[in-house]
Amino acid sequence: MPNITLPIRTERLILRRFEAADLDAFHAYHSLPETARFLPGDAKSYTQCMERVGKYANFVFESEGDWVALAIEAADSPGVIGEVVLKWLPGHGQGEVGWSLAPGARGHGYATEAAEAVLKLGFEGLDYHRIDAKLDALNTASAAICERLGMRLEAKHVDKWRYKGEWATEVVYAMLRDEWTARSR
Ligand SMILES: CC(C)(COP(=O)(O)OP(=O)(O)OC[C@H]1O[C@@H](n2cnc3c(N)ncnc32)[C@H](O)[C@@H]1OP(=O)(O)O)[C@@H](O)C(=O)NCCC(=O)NCCS
C-alpha cells in the first residue's frame, strides 16, 4: 500500500487529513458560486459538504482510481483555508493534481505551495512517472499555478466538457519525474 505520511509541512502550510470540525470552513468556500465556477457541479449545500468532508477524512489510497484531498492550513493560523487533491490515475505511475482555496486565502501563493508539496509526494513518495492537471481554459488562476510549478502545457481539448450550461475547453498541464528532479536540483 502506498505510504502517505501526514501531516506534510511546507514553509507556510500544513497539509493534513480532513476532520469533522472542518465542515463549516469547508462549506464557507464551497458554497460560493465563484469557487464552483471551474469545478464539476454547482456550489455545494451543507449536506453535500458534510458528505465530502466525511469522504476526505476517511480517504483510502490503495489502488488506481483512489484519490486523496488534503486540508490546507496556514502554519500560523489553525483552520482549513482550502484543499489540494491527488488522484491516482489508471496506467503506470500516473497522477493528477488539483486545488481550491477559500477567497480570503487567495493571492498569497498558498495553492502553488501546497501543489508543489503534492508533486513532491507524488514523484518522491509514490514514485509516480507523470502528474497532470486538467483545467478549464478560462481558469487563468489555475493555469498560472501550473506555470509557476514548471508544468508543461501539453494539450488543449476544445469543447471537451459541458458544464454550467456551456461548453468548456480543457487544457492539460503535465510534469514528468525527470522534469521534477531537474527542477528541484
Ligand atoms: C485556483 C485558485 C486556487 C488560485 O488561487 P491563487 O491564490 O490565485 O493561487 P496561489 O495561492 O498559488 O496564489 C497565487 C497568487 O498569489 C501571489 N503571490 C503572493 N505571494 C506569493 C508567493 N510567495 N508565491 C507565489 N505566489 C504568490 C501571486 O502573484 C498570485 O497572484 P496573481 O494571480 O495576482 O498574480 C483559486 O482561484 C480557487 O480556489 N478557485 C476556485 C476553485 C478552482 O477553480 N479550483 C481549480 C480547478 S482546476
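Since the model is a prediction, treat every value here as computed from it, not as a measurement. For ligands, and for the atoms within them, numbers begin at 1 and follow the listed sequence. Note that the numbering runs from 1 along the sequence shown for the chain.
- Using a 4.0 Å cut-off between heavy atoms, Arg12 contacts ligand 1 through its side chain alone, with no backbone atom that close.
- Each of Ile14 and Leu101 belongs to its own hydrophobic cluster when Ile, Leu, Val, Met, Phe, Trp and Tyr are linked at side-chain heavy-atom distances under 4.5 angstrom.
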Salt bridge (Lys or Arg N to Asp or Glu O under 4.0 Å) evaluation trace for Glu179 with Arg130: CA-CA 9 Å; Glu179 294 167 328; Arg130 178 181 181 278; over 6 Å; no
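- The atoms of ligand 1 that sit less than 4.0 Å from any heavy atom of Ser100 are 39 (O), 42 (C), 45 (N).
- The ligand atoms of ligand 1 that sit less than 4.0 angstrom from a heavy atom of Asn139 are 44 (O), 46 (C), 47 (C), 48 (S).
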CA sep, side-chain torsions, deciding dist, call: Tyr56, Asp22, side chain to side chain donor-acceptor pair (under 3.5 Å): CA-CA 11 Å; Tyr56 291 171; Asp22 297 324; over 6 Å; no
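- With hydrogens left out, the protein atom closest to atom 41 (C) of ligand 1 is Thr35 O, 3.6 Å, a heavy atom.
- With hydrogens left out, the protein atom closest to atom 11 (O) of ligand 1 is Ala111 N, 2.8 Å, a heavy atom.
- In this structure, Ala144 falls outside the shell of residues with a heavy atom less than 4.0 angstrom from ligand 1.
- Tested against Ile72, the residues Thr10, Val80, Ile81 include a single side chain to side chain contact (heavy atoms under 4.5 Å, CB included) partner, Ile81.
- For the ligand labelled ligand 1, residue Glu11 lies outside the 4.0 Å heavy-atom shell.
- Minimum interatomic distance between Cys146 and Trp99 (heavy atoms only, all atoms of both residues): SG-CH2, 3.8 Å.
- Separation of the Phe59 and Phe18 ring centroids does not fall under the 6.0 Å cut-off.
- Closest to atom 38 (C) of ligand 1 among all protein heavy atoms lies Arg106 NE, 3.5 Å.
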Chi angles and distances behind the salt bridge (Lys or Arg N to Asp or Glu O under 4.0 Å) call for Glu64, Lys87: CA-CA 8 Å; Glu64 287 178 6; Lys87 296 183 191 172; over 6 Å; no
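- Protein heavy atom nearest atom 43 (C) of ligand 1, with residue, atom name and distance: Trp99 O, 3.9 Å.
- Of all the atoms in ligand 1, the ones that sit under 4.0 Å from a non-hydrogen atom of Tyr110 are 10 (P), 11 (O).
- Remark: ligand 1 and Lys134 share no N or O pair separated by less than 3.5 Å (distance only, no angle test).
- Checking Glu34 against Tyr29 by side-chain atom types alone, no donor-acceptor pair falls below 3.5 Å.
- One hydrophobic cluster, built from ILVMFWY side chains closer than 4.5 Å, holds both Ile8 and Phe123.
- Tyr163 and Trp161 have perpendicular rings, their planes meeting at more than 60° on a 0 to 90° scale where under 30° would count as parallel.
- The ligand atoms of ligand 1 that sit less than 4.0 angstrom from a heavy atom of Leu39 are 45 (N), 47 (C).
- Shortest contact from atom 24 (N) of ligand 1 to any protein heavy atom: Gly109 CA, 3.7 Å.
- Ligand 1 is never approached by Arg37 to a heavy-atom distance shorter than 4.0 Å.
- With sequence neighbours excluded, no residue forms a side-chain hydrogen bond (donor to acceptor under 3.5 Å, both in side chains) with Ser31.
- If you look at Trp88 and Phe61, their ring centroids are closer than 6.0 Å.
- Looking only at heavy atoms of the protein, atom 4 (C) of ligand 1 is closest to Ile145 CD1, 3.7 Å.
- Tested against Asp136 for a side chain to side chain contact (heavy atoms under 4.5 Å, CB included), the candidates Glu170, Arg37, Lys164 yield a single pass: Arg37.
- For a threshold of 3.5 Å applied to N or O pairs, the pair formed by Ala141 and ligand 1 contains no separation below that value.
- Remark: distances from the non-hydrogen atoms of Ser142 to ligand 1 include one below 4.0 Å.
- When only non-hydrogen protein atoms are considered, atom 21 (C) of ligand 1 lies nearest to His108 O, 3.3 Å.
- Across Cys146, Gly107, Ala105, heavy-atom proximity to atom 31 (O) of ligand 1 is greatest for Gly107.
- Counting protein heavy atoms only, atom 29 (O) of ligand 1 is closest to Arg148 NH1, 4.6 Å.
- In this structure, atom 16 (O) of ligand 1 has protein heavy atoms in its sub-4.0 angstrom surroundings.
- There is a protein heavy atom closer than 4.0 angstrom to atom 9 (O) of ligand 1.
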